[in-house]
Amino acid sequence: MDWTSAQLRSLVELTRRGTITAVADALGYTPGGVSQQITALEKATGMRLLRRVGRRVELTDAGATLALHAERILTTEAEAVEALERTRNEISGTLRVGLFATAAAELLPPALRQVRESHPGVTVRSRDMDVDEVYDAVAGGTVDLALGLDYPDVPIPRDPSLRVMELSRERFSLAVPTGAMPGRADTSRPSRTSGASDTSGRAGPRKVSLADTRELGWILPSVRSYYGRAVLTACRRAGFEPQVAHEVTDTAATLALVEAGVGVSVVTDLMLRLRPSRLDVLELSETMERHIVVVFRSFAEHRPTVAALVDVLRTSTGRRPPRREHHGTDKLATR
């Protein structure tokens, strides 16, 4: 059959996402481009692969059959790339990396500098995407690996075809407008002002409970997101339902709104570095964490370029590099 990997990937993504528009967003095409890929695939097979149902499309029996085999073909292709890489005497090749906004700003730049120094033959192509989409992007072969987030309260589904490796942990604090919560004194940690000196005029560390915010407005992303559900779960465990005044996904916008005095939110040190802001950062009495993870397909664990980049990411995020095995090729040790 005269088809291409791009055409097969479009078909596979359609089974995952259900609409041409969603496939286009996932693959970085226009909806028209995805339609052209499917049309070319129908021409190559001589069969109708899609049918329109109202405003949606669904796979025909032939389309569903081909999609099942297409996933296997793409997996075999990726395994062949890995095998070819392992025959080289040096680590070289191109990696497609998916990442969310905070990772793009804070985690990827130092990692890329280290890759250029340690593995000049490796080329990294990055793509910014919604953090909740990175797992599907790796599973579908849109990217080779991705930086993502995992929340203990709302863990991501564990797909056996994916490896999720923790890079670091961050504990959430509470970001509030300056002076919004006086009298919450504690000796555990000094209060902070993000990117500026503390001008609140109150000396002394402070600690608060999530329950102390029950009368305040919150700035949160949609509860359909893992992050939104994680915060909602923590608040409910503290005995209240957060009053969401502003539904915002962008971290810098969230910090700006807290600074403007219109609500509170939870933040980590990494999030605070995205935008210098004058606000109070208070330690929470509850433990609420997020884990920064790297996600890749299980069979790619010993792909030299993937193993090299994972090592760099572990080092640059402060984790000790894994023990290395040397058997003629550069492999990531499993323990």
Side-chain angles (χ1 to χ4, degrees), residues 98-107 129-139 145-176 186 188-189 192 207-214 218-242 244 247-251 254-255 258 264-274 281-298 301 310 313-314 316-320 322 334-335:
L99 66 166
F100 57 101
T102 311
E106 297 292 336
L107 301 180
M129 59 181 59
D130 185 288
V131 67
D132 288 350
E133 296 291 325
V134 300
Y135 309 102
D136 283 344
V138 176
L145 73 163
L147 287 166
L149 294 172
D150 197 15
Y151 300 90
D153 282 328
V154 188
I156 61 172
R158 290 309 196 250
D159 185 331
S161 70
L162 299 182
R163 176 81 187 277
V164 179
M165 181 182 293
E166 183 182 310
L167 296 176
S168 64
R169 297 185 179 190
E170 289 195 299
R171 182 165 176 169
F172 282 98
S173 301
L174 185 70
V176 302
D186 197 283
S188 57
R189 169 172 126 175
R192 295 175 290 144
K207 179 184 277 192
V208 296
S209 167
L210 284 169
D212 294 324
T213 69
R214 67 174 69 247
W218 273 77
I219 303 161
L220 285 178
S222 168
V223 293
R224 293 186 297 274
S225 68
Y226 285 108
Y227 177 30
R229 295 204 303 275
V231 177
L232 180 61
T233 299
C235 289
R236 285 177 173 173
R237 191 163 54 236
F240 76 103
E241 194 81 6
V244 180
E247 190 173 290
V248 176
T249 300
D250 183 72
T251 298
T254 297
L255 294 173
V258 174
V264 303
S265 191
V266 288
V267 293
T268 67
D269 288 342
L270 191 63
M271 294 165 70
L272 286 169
R273 294 209 297 266
L274 285 181
V281 180
L282 312 178
E283 184 175 0
L284 287 168
S285 55
E286 298 91 351
T287 298
M288 183 181 172
E289 290 185 337
R290 72 175 187 177
H291 301 168
I292 298 173
V293 298
V294 60
V295 187
F296 48 90
R297 283 169 289 183
S298 299
E301 182 171 1
V310 168
L313 288 168
R314 288 172 64 104
S316 63
T317 53
R319 295 295 296 271
R320 180 178 299 176
T334 57
R335 288 188 287 172

Problem set entry | Closest heavy-atom pair and its distance - A211, E286 | N-OE2, 4.3 Å

Exercise. Nearest 0.5 Å, what's the CE-OH distance between M288 and Y151?
Worked result: 7.5 Å

Tabulate below the donor-acceptor pairs under 3.5 Å that side-chain atoms of residues 228-241 make, not counting sequence neighbours, or state none.
unit_1: R229; atom_1: NH1; unit_2: R224; atom_2: O; d: 2.9
unit_1: T233; atom_1: OG1; unit_2: R229; atom_2: O; d: 2.8
unit_1: R236; atom_1: NE; unit_2: E241; atom_2: OE1; d: 3.0
unit_1: R236; atom_1: NE; unit_2: E241; atom_2: OE2; d: 3.4
unit_1: R236; atom_1: NH2; unit_2: E241; atom_2: OE2; d: 2.9
unit_1: R237; atom_1: NH1; unit_2: D153; atom_2: OD1; d: 3.0
unit_1: R237; atom_1: NH2; unit_2: D153; atom_2: OD1; d: 3.4
unit_1: R237; atom_1: NH2; unit_2: D153; atom_2: OD2; d: 3.1

For this session: Kindly determine whether V293 and L149 satisfy side-chain contact (heavy atoms from CB on, under 4.5 Å), including the steps that lead there.
Result: CA-CA 6 Å; V293 298; L149 294 172; over 6 Å; no

For this session: Give, for atom CD of E247 and atom OG1 of T254, the distance between the pair rounded to the nearest 0.5 Å.
Result: 10.5 Å

Exercise. Can you name the nearest heavy-atom pair linking S265 to Y227, along with the distance?
Worked result: OG-OH, 4.2 Å

Problem set entry | Rounded distance (nearest 0.5 Å) linking atom CZ of R169 with atom OG1 of T317 | 13.0 Å

Exercise. With side chains defined as the heavy atoms from C-beta onward, is the minimum distance between I219 and V264 less than 4.5 Å?
Worked result: no

Exercise. Side chains of F172 and T287: does their closest heavy-atom pair fall under 4.5 Å?
Worked result: no

Problem set entry | Donor-acceptor pair, side chain of R158 and main chain of I156, under 3.5 angstrom | yes

Exercise. Do S225 side-chain atoms and P221 backbone N/O form a donor-acceptor pair below 3.5 Å?
Worked result: no

Seminar exercise, completed: Tightest non-hydrogen contact, residues R314 and L167, listed as CG-CD2, 3.6 Å

Problem set entry | salt bridge (Lys or Arg N to Asp or Glu O under 4.0 Å) partners of D132, counting only residues at least two apart | none

Problem set entry | L284 versus S209, closest heavy-atom pair with distance | CD2-C, 4.3 Å

Exercise. Is there a side-chain contact between H291 and S168 (heavy atoms, below 4.5 Å)?
Worked result: no

For this session: Heavy atoms only: give me the nearest M165-F296 pair and the separation to one decimal.
Result: CE-CZ, 4.1 Å

Problem set entry | Heavy-atom check, side chain of E166 versus side chain of I292, under 4.5 Å | no

For this session: For E170, check salt bridge (Lys or Arg N to Asp or Glu O under 4.0 Å) against everything at least two apart and list the hits.
Result: R290

Exercise. What pair of heavy atoms forms the shortest contact from L147 to V134, and how long is it?
Worked result: O-CG1, 3.8 Å

For this session: Would you check, one step at a time, whether the test side-chain contact (heavy atoms from CB on, under 4.5 Å) holds for T102 with L274?
Result: CA-CA 7 Å; T102 311; L274 285 181; 3.6 Å; yes

For this session: Side-chain contact test, heavy atoms from C-beta onward, threshold under 4.5 Å: evaluate it for L107 versus L99 and give yes or no.
Result: no

For this session: Answer whether the closest heavy-atom distance between the side chains of V281 and L272 falls below 4.5 Å.
Result: yes

Problem set entry | Lys/Arg-Asp/Glu bridge criterion (N-O < 4.0 Å) met for E289, R171 | no

